[in-house]
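Take a look at the structure set out below.
Each residue takes its place number in the sequence, starting with 1. Order of appearance sets the numbers: ligands from 1, and atoms from 1 within every ligand.
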Amino acid sequence: MTPPRAPQIPVVVLAGFLGSGKTTLLNHLLRNRAGNRIGVVVNDFGSIEIDAMTVAGQVGSTVSLGNGCMCCAVDASELDTYLETLTAPSARLDVIVIEASGLAEPQELVRMLLASDNPHIRYGGLVEVVDAAEFPATRERHPEIDRHLAVADLIVLNKTDRVTEAGLRAVREAVETAGGSAAVICSAYGRIDPELLLDPVTRADEDDSFRQLTFEDLLPEADRTHADHLHAAYDSVSFTADVPLGPRLFMAFLDSRPAGLYRIKGFVDFGVGDPGNRYTLHAVGRFLRFEPQRWARDEPRRTQLVLIGSGIDAHALHKELEGCQDAWQDATEELERSMWGVLRYVRQPDDDEA
Ligand SMILES: Nc1nc2c(ncn2[C@@H]2O[C@H](COP(=O)(O)OP(=O)(O)OP(=O)(O)O)[C@@H](O)[C@H]2O)c(=O)[nH]1
């Protein structure tokens, strides 16, 4: 059905007004990357303070951070050139994060990514960081922040330590209204669950088993004290099925997913809907993408998903997923048509918009 393609590297845009905490969040991700090789593109190279990094580069150079990360600083006009470097097979990156400068219009960057003809990347969503303490003032000075929030897939309401509970409630409400259906999560010092943006490593030479990483896996020894706190804020659901999922049933599930469900990842077996491929699923907030990949010859045909959210009813979601199984599939025209709903979310080489 759909021709298999080499895996594409998700490119996540990290945006937010000056000082909202983008670099802090990025450093948190880099410290808790759980084996992921992260490519970082920043406008302001010097602001990244990664322990392991010797800041050898200047604007325009690509620097290997030596711990599986690469970093380069670019002008937006040079983005394509740098993405080419970062997506070279020798870089072996799992995800690329572009930190937009505090003054940039994130829509521009997103448009550039969607229009990019680099076949090795796929747009991975827009994360907008908001300073909870400054939001009312920022909004007054820069009403365009509402526009940024409206196109975000995930909003991180940062600096919650600087506001009262009532203040946070009010800001959250305002941000949720402006953000439409984007998921909103709160953080202090950008300490979000790295799993919201990073996938478990599935490289054959490291750990090729698909599983939900635990917080012990994710956080280095020194950060363990935060683990319980972080963990308490999230619920996760793991779902495995040896019976294929019905494309229409599963798309209906995704269309009605609750707002608190921030992240879904894993892969799906649509059975005779597309017998040759498994469909890697990547969802952050309302952003959704499928990527067909050839099943390995002896790989068990199976769906494996991990769902992460807060305030979600894990048991009910699991039950709903069970209801998406379709044991009696026949290769009919109707089934082929029902795959169209899935294929809408597969990036085609000539796509220039989501
Ligand atoms: N109190 C508090 N301070 C924070 C938090 N997150 C970040 N900061 C501080 O806020 C300042 C700005 O954070 P950055 O991460 O540099 O912000 P940025 O969005 O990258 O800033 P620009 O690059 O200027 O756009 C730094 O001094 C951080 O230490 C937080 O949650 N609470």
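Listed by atom number, the atoms of ligand 1 under 4.0 Å from G21 heavy atoms are 13 (O), 14 (P), 15 (O), 17 (O), 18 (P), 19 (O). Atoms of ligand 1 lying under 4.0 Å from at least one heavy atom of F17, given by number and element, are 19 (O). Which parts of ligand 1 touch R162 is read off a 4.0 Å heavy-atom cut-off, strictly below it: atoms 1 (N).
The closest non-hydrogen atom to atom 25 (O) of ligand 1, taken over K22, E134, R191, comes from K22. Among H28, K159, E99, the residue whose heavy atom lies nearest to atom 11 (C) of ligand 1 is K159. When T160, L26, T24 are checked for heavy-atom proximity to atom 7 (C) of ligand 1, T24 turns out nearest.
Between the side chains of D269 and T303, not a single donor N or O lies within less than 3.5 Å of an accepting N or O.
The ring-ring contact (aromatic ring centres under 6.0 Å, His included) search around Y345 returns none, not counting sequence neighbours. Shown here are the side chain to side chain donor-acceptor pair (under 3.5 Å) partners of R302, two or more places apart in sequence or in another chain: D242.
Any N or O atom pair closer than 3.5 Å counts here, and A188 shares no such pair with ligand 1.
In T23, the parts holding a heavy atom less than 4.0 Å from any atom of ligand 1 are both the side chain and the backbone.
Taking the six-membered ring where the residue is Trp, H148 and F17 present parallel rings, their angle staying beneath 30° rather than reaching 60°.
Side-chain N or O atoms of N158 include one that pairs as donor or acceptor with a backbone N or O of G190 at under 3.5 Å. Between the R257 side chain and the L254 main chain, a donor and an acceptor come within less than 3.5 Å of each other.
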